[in-house]
2 protein chains.
Amino acid sequence: MNSDANTRRKDTRGEISGCALRLFAERGYAAVSMRDIAEAVGVRQGAIYNHFASKQELLAELMTSHLEAVLRAHEAALAGVAGPVARLEAFARFHVGYHLDYPADVFIAYMELRSLEPEGFRRINAMRSRYEGTLRAILAEGAAAGLFSIGDPAVHARALLAMLTGVTVWYREGGRLDRATIIEDYVRATLQSVGLRMPRGGDKECSTQP
Amino acid sequence: MNSDANTRRKDTRGEISGCALRLFAERGYAAVSMRDIAEAVGVRQGAIYNHFASKQELLAELMTSHLEAVLRAHEAALAGVAGPVARLEAFARFHVGYHLDYPADVFIAYMELRSLEPEGFRRINAMRSRYEGTLRAILAEGAAAGLFSIGDPAVHARALLAMLTGVTVWYREGGRLDRATIIEDYVRATLQSVGLRMPRGGDKECSTQP
DNA sequence: GTCTATACTGGGATAGAC
DNA sequence: GTCTATCCCAGTATAGAC
């Protein structure tokens, strides 16, 4: 039906995005050259400019599509979840799970904001703020209802986001701990940080230690 | 008595360190040129090489002296503090306080590890691991004693470090919140995250909201 | 749409006068 | 120890053949 990205013809644009994403995450935007990206894709440097007008546009595109995906998935994850406690748990579970699945995307969106030129920065920072705002609202609501014991909701929101996002810094697939364990640990830390004690008992049988 | 950095003669080396620190923190190592640093200092580019052999050595030097200072201050802050609960509180209070005082140093040491060449990386990463290890030990001890309710101590240590270190990302002097409030909020989040409830009552009178 | 080739800029680092 | 001047290379982006 549609003409684009349809058949299995090689999708150069997509491969450029993928390689750039990985390299930016590994070394940082400024430390990666268009030649590096081209080599990873298997084309010559000039070919990239058939798909992206500039390195800057490539970065902005990566961040935009990532943030759009995050916001969509995040809204879906919290849709129909009611009450600050349940919403906070859902937020933490979604956030860590998503970050385990897309560590490079997340890392870039978190770290390379400063590499954006003013226009892109404003647009993309606004998307990030929306996301942060939903967590802040949950915390403020829980605090107002007397359910949470926290200081300033904005401070706590940033503290939790830093904590949850930090999972991308050290997590590597096939490591000592599996995905489910890590998520539960972060969810527990999140809920306890606002003064709650465990979501539901030991949660998935507390068999961490033998 | 000593011959170096003694009188008030201009300390070019120190100014290079200071400007490089600030610029690396603002834009990232790869995005800052030796010309940028020289301009900030007020000398010509070549003059830097009278004090540092290379840009890479300059970065390694900044990170090393920072980490040495952190480890010293951290040991002093925890010296004589006994018991996992008190030590965890002292750790959190020290960590956030130090990071509020030296945000640029901390940010670089956290973010620019990947910009180090192999030799410097090993050396400096070992220093970071020592620091992380002290927190992990506190958590493991508290968990073993049944005082803390956490999952894997290594996961929780990294989660807390990311949370506490993240204060440098958003804190700006003269903002809405003062230093003491921010520290107390982070300390509270830290202690609660392991399942404790408040260090001592409301702590400094809970007058956050009017 | 990809290639080769190139324009142009800016980077790290060095040489030698002062 | 700092300066000016320069080397050499890598970087982004473009032009034009295929």
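Any value given below was found using the heavy atoms of this structure, including those in side chains, with hydrogens, waters and symmetry copies removed. Reminder, nothing fancy here: chain letters follow the sequence lines and each chain counts from 1.
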Has the side chain of B:Asp36 got a donor or acceptor atom that lies under 3.5 Å from a matching backbone atom of B:Ser33?
yes
Enumerate all atom pairs, one protein N or O and one N or O from nucleotides 13-16 of chain C, separated by less than 3.5 Å.
| residue | atom | partner | partner atom | Å |
| --- | --- | --- | --- | --- |
| C:dA13 | OP2 | B:Tyr49 | OH | 2.9 |
| C:dA13 | OP2 | B:Lys55 | N | 3.0 |
| C:dA13 | N7 | B:Gln45 | NE2 | 3.4 |
| C:dA13 | N6 | B:Gln45 | OE1 | 2.7 |

Not counting sequence neighbours, which residues clear ring-ring contact (aromatic ring centres under 6.0 Å, His included) with A:His95? List them please.
A:Phe91, A:His99, A:Tyr131
Between C1' of C:dG12 and CG of B:Leu59, the distance in whole Å
15 Å
Mind checking if A:Val32 touches a base, just sugar-phosphate, or nothing, with heavy atoms under 4.0 Å?
sugar-phosphate
Any side-chain N or O of B:Arg44 less than 4.0 Å from the OP1 or OP2 oxygen of D:dT2?
no
Do any side-chain atoms of residues 12-24 of chain A form donor-acceptor pairs under 3.5 angstrom with protein atoms, and if so which ones, sequence neighbours left out?
| residue | atom | partner | partner atom | Å |
| --- | --- | --- | --- | --- |
| A:Arg13 | NH1 | A:His51 | O | 3.0 |
| A:Ser17 | OG | A:Arg13 | O | 3.3 |

Distance check needed: C:dG10 P versus B:Ile37 CD1, whole Å only.
17 Å
Using salt bridge (charged side-chain N to carboxylate O under 4.0 Å, His left out) as the criterion, list what pairs up with A:Arg176, not counting sequence neighbours.
B:Asp152
Atom-pair distance (CG on B:Asp11; P on D:dG1), nearest Å
11 Å
In whole Å, I'd like the distance from the CG atom of B:Leu58 to the P atom of C:dG11.
15 Å
Between D:dC3, C:dG12, C:dT2, spot the one nearest the side chain of B:Ser33, thanks.
C:dG12
What residues form a salt bridge (charged side-chain N to carboxylate O under 4.0 Å, His left out) with A:Arg158, not counting sequence neighbours?
A:Glu132
Name all residues meeting the salt bridge (charged side-chain N to carboxylate O under 4.0 Å, His left out) criterion together with B:Glu75; count only those two or more places apart in sequence or in a different chain, and write none if there are none.
B:Arg130
Heavy-atom side-chain proximity of B:Met34 to B:Gln45 below 4.5 angstrom:
yes
Without decimals, in angstroms, what is the distance between B:Glu15 CD and D:dT2 C1'?
14 Å
Quickly work out the A:His51 NE2 to D:dT14 C1' distance and round it to whole Å.
16 Å
Holding to salt bridge (charged side-chain N to carboxylate O under 4.0 Å, His left out), I want the full list of residues that pass it with A:Arg35, two or more places apart in sequence or in another chain.
none
Without placing hydrogens or testing angles, list every side-chain donor-acceptor pair under 3.5 Å for residues 114-126 of chain A, not counting sequence neighbours.
| residue | atom | partner | partner atom | Å |
| --- | --- | --- | --- | --- |
| A:Arg114 | NH1 | B:Ala25 | O | 3.1 |
| A:Ser115 | OG | A:Glu112 | OE1 | 2.6 |
| A:Arg123 | NH1 | A:Thr64 | OG1 | 2.9 |

Check DNA chain C against residues 19-27 of chain B and give the residues with a non-hydrogen atom under 4.0 Å, in numerical order.
none
Distance in angstrom units between A:Phe52 CZ and D:dT12 C1', rounded
16 Å
Candidates C:dC3, D:dT4, D:dG1 - which lies nearest the side chain of A:Val43:
C:dC3
C:dG1 OP1/OP2 closer than 4.0 Å to side-chain N/O of A:Thr12:
no
Nearest-Å distance for atom pair CD/P, residues B:Glu39 and D:dT2:
17 Å
